[in-house]
2 protein chains.
Amino acid sequence: MVEFHVDRGSGLPAYLQLGRQVREALRLGWLQPGDRLPTVRDVVASSGVNANTVLKAYRELELAGLVEARQGSGTFVKASPGSAAPEDFDPLRATLADWVTEARSAGLEDEDIYALLREVLSGGAQ
Amino acid sequence: MVEFHVDRGSGLPAYLQLGRQVREALRLGWLQPGDRLPTVRDVVASSGVNANTVLKAYRELELAGLVEARQGSGTFVKASPGSAAPEDFDPLRATLADWVTEARSAGLEDEDIYALLREVLSGGAQ
DNA sequence: CAGATTGTTCTACTAAACTAAGACAATAGA
DNA sequence: TCTATTGTCTTAGTTTAGTAGAACAATCTG
């Protein structure tokens with residue numbers, strides 16, 4: 001079961017935060033085809049956002065072909081973005097964890113780490 | 001000189017995108033204390049956003065103590081967030097670049113990589 | 001079938017983000 | 001001093017995000 005966490009005041013619209021969390025859970029294999037997402041009312045109760053906001057997030061995921069809403073029964077995972085299998089992540093995750101440890105002991109904060117990754121992914125200094 | 005790039009339709013408010021880009025440039029050492037940010041009118045011309053939006057971004061940076069606005073002269077970097085020196089990044093950047101190469105050859109997309117990093121930074125599976 | 005659960009729709013409203021265009025004020029440089 | 005540049009403010013408007021509460025429709029369960 002996925003637990004949503006909406007950070008009001010982060011500036012990012014709530015429906016985008018929800019969508020991103022689902023996509024991320026899909027990529028990491030926490031959610032797999034066939035799994036059921038929390039009901040709209042569950043999310044409302046646990047995160048405090050409005051039902052229409054949750055619905056908007058789910059509708060965008062459905063439009064992207066990632067989930068399927070079945071009235072009366074729930075919203076279910078239909079497919080997963082990304083082609084890599086989550087099992088392939090394990091060795092990479094271990095290496096990355098080591099690197100993070102090293103970076104942190106060098107004094108880097110999380111924001112530094114994100115900035116560095118974004119720099120590397122976008123192809124170095126630009 | 002920093003070049004701003006505002007992505008309309010990403011959902012993230014323009015003023016937040018601008019602020020994030022400045023903060024990131026500061027962390028990576030692309031901007032250092034004393035440097036001048038692009039003028040409000042420059043940003044308006046290059047990014048297409050409204051002057052008030054740019055002003056809002058700059059004002060938040062000033063409120064955070066990162067920059068200083070001097071009327072008639074420009075907006076200047078005052079301090080840098082983060083404690084690590086940008087030179088300390090170099091060896092870490094190299095290691096990270098290697099890891100990214102490996103991850104990509106394993107079939108991971110950029111979104112997979114971001115998700116994996118966020119997972120590791122937040123302390124493993126949650 | 002009956003009742004609960006689920007997604008869905010509707011209307012009305014508030015607040016925030018953003019645009020538009022103009023004017024003002026302090027500074028730097030010729 | 002004069003002029004261009006720069007940050008700043010004002011007013012007015014549009015669009016989007018989000019809230020609120022109620023109702024409807026399909027599905028599952030007993």
Side-chain angles (χ1 to χ4, degrees), chain A residues 1-23 31 33-78, chain B residues 1-22 31 33-79:
Chain A
M1 181 58 122
V2 183
E3 264 300 318
F4 290 121
H5 173 250
V6 174
D7 177 17
R8 240 34 159 285
S10 84
L12 197 64
Y15 76 100
L16 285 181
Q17 293 187 41
L18 294 176
R20 202 189 62 170
Q21 283 170 47
V22 171
R23 287 171 192 269
L31 281 177
D35 286 351
R36 197 177 80 150
L37 296 187
T39 70
V40 173
R41 287 171 176 81
D42 277 349
V43 181
V44 168
S46 69
S47 71
V49 304
N50 188 270
N52 293 315
T53 304
V54 181
L55 206 59
K56 183 170 185 180
Y58 280 14
R59 196 145 28 190
E60 290 204 352
L61 291 167
E62 189 167 24
L63 215 69
L66 297 175
V67 305
E68 187 180 19
R70 292 205 281 271
Q71 193 162 265
S73 130
T75 304
F76 298 84
V77 175
K78 199 168 149 194
Chain B
M1 181 58 121
V2 184
E3 266 299 319
F4 291 120
H5 174 250
V6 174
D7 176 17
R8 240 34 159 288
S10 84
L12 197 63
Y15 78 99
L16 284 182
Q17 293 187 41
L18 295 176
R20 202 188 64 168
Q21 282 170 47
V22 170
L31 281 177
D35 287 351
R36 197 178 81 151
L37 297 187
T39 71
V40 172
R41 287 172 177 80
D42 277 349
V43 180
V44 168
S46 69
S47 73
V49 304
N50 187 268
N52 293 316
T53 304
V54 181
L55 205 60
K56 183 171 185 178
Y58 279 15
R59 198 145 28 193
E60 291 204 350
L61 290 169
E62 190 168 23
L63 216 69
L66 296 176
V67 305
E68 187 180 19
R70 291 204 284 269
Q71 193 161 266
S73 134
T75 304
F76 298 85
V77 176
K78 200 169 149 194

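Each chain gets a letter, A, B and so on, in the order the sequences are listed, and its residues count up from 1.
The side chain of B/Arg59 contributes an N or O atom lying less than 4.0 Å from OP1 or OP2 of D/dC9. OP1 or OP2 of C/dG7 has at least one side-chain nitrogen or oxygen of A/Thr75 nearer than 4.0 Å. Here A/Lys56 reaches the OP1 or OP2 of D/dA17: one of its side-chain N or O atoms lies under 4.0 Å away. The phosphate of D/dT19 has OP1 or OP2 within less than 4.0 Å of a side-chain N or O from A/Thr53. OP1 or OP2 of C/dA17 has at least one side-chain nitrogen or oxygen of B/Tyr15 nearer than 4.0 Å. Taking side-chain N and O atoms only, B/Arg36 has a distance below 4.0 Å to OP1 or OP2 of D/dT6.
With rounding to whole Å, B/Asn52 atom CG is found 14 Å from D/dA12 atom P. Atom CZ in B/Arg41 sits roughly 11 Å away from atom C1' in C/dC24 (whole-Å rounding). Atom CD in B/Glu68 sits about 14 Å away from atom C1' in C/dA26, given to the nearest Å. Nucleotide C/dT8 holds its P atom 11 Å from the CG atom of A/Leu37, rounded to whole Å. To the nearest angstrom, P of D/dC28 lies 8 Å from CZ of A/Phe76. The distance between atom CG of A/Leu61 and atom P of C/dG7, rounded to the nearest whole Å, is 13 Å. Summarising the geometry, the separation between CG on B/Asn50 and P on D/dT15 is reported as 15 Å, rounded to the nearest angstrom. Look at CD on B/Gln71: it is 12 Å from P on D/dT6, rounded to the nearest Å.
Note on A/Ala14: only backbone sugar-phosphate atoms sit closer than 4.0 angstrom, heavy atoms only; bases stay farther off.
Between B/Gly19 and B/Ala57, the shortest heavy-atom contact is N-CB, 4.3 Å. Residue B/Glu68 comes nearest to B/Lys78 through the heavy atom pair CB-CD, 4.0 Å, listed as atom of the first residue, atom of the second, then distance.
Mapped onto DNA chain D by nearest heavy atom, B/Tyr58 and A/Leu16 fall at different nucleotides, with B/Tyr58 at the one closer to the 5' end.
At a threshold of 4.5 Å between non-hydrogen side-chain atoms, the residues B/Leu18 and B/Leu61 do not count as touching. The side-chain heavy atoms of A/Phe4 and A/Val22, taken from C-beta on, include a pair separated by under 4.5 Å.
Across A/Val54, A/Val43, A/Val77, A/Asp42, a single residue satisfies side-chain contact (heavy atoms from CB on, under 4.5 Å) together with A/Leu37, and that is A/Val77.
For A/Arg70 against C/dG7, a side-chain-to-base donor-acceptor contact under 3.5 Å is absent.
Each of C/dG7, D/dT27, D/dG18 was ranked by its minimum atom distance to the side chain of A/Arg8; first place goes to D/dG18. Of the candidates D/dG7, D/dT19, C/dT8, the closest approach to any side-chain atom of B/Thr39 belongs to D/dG7.
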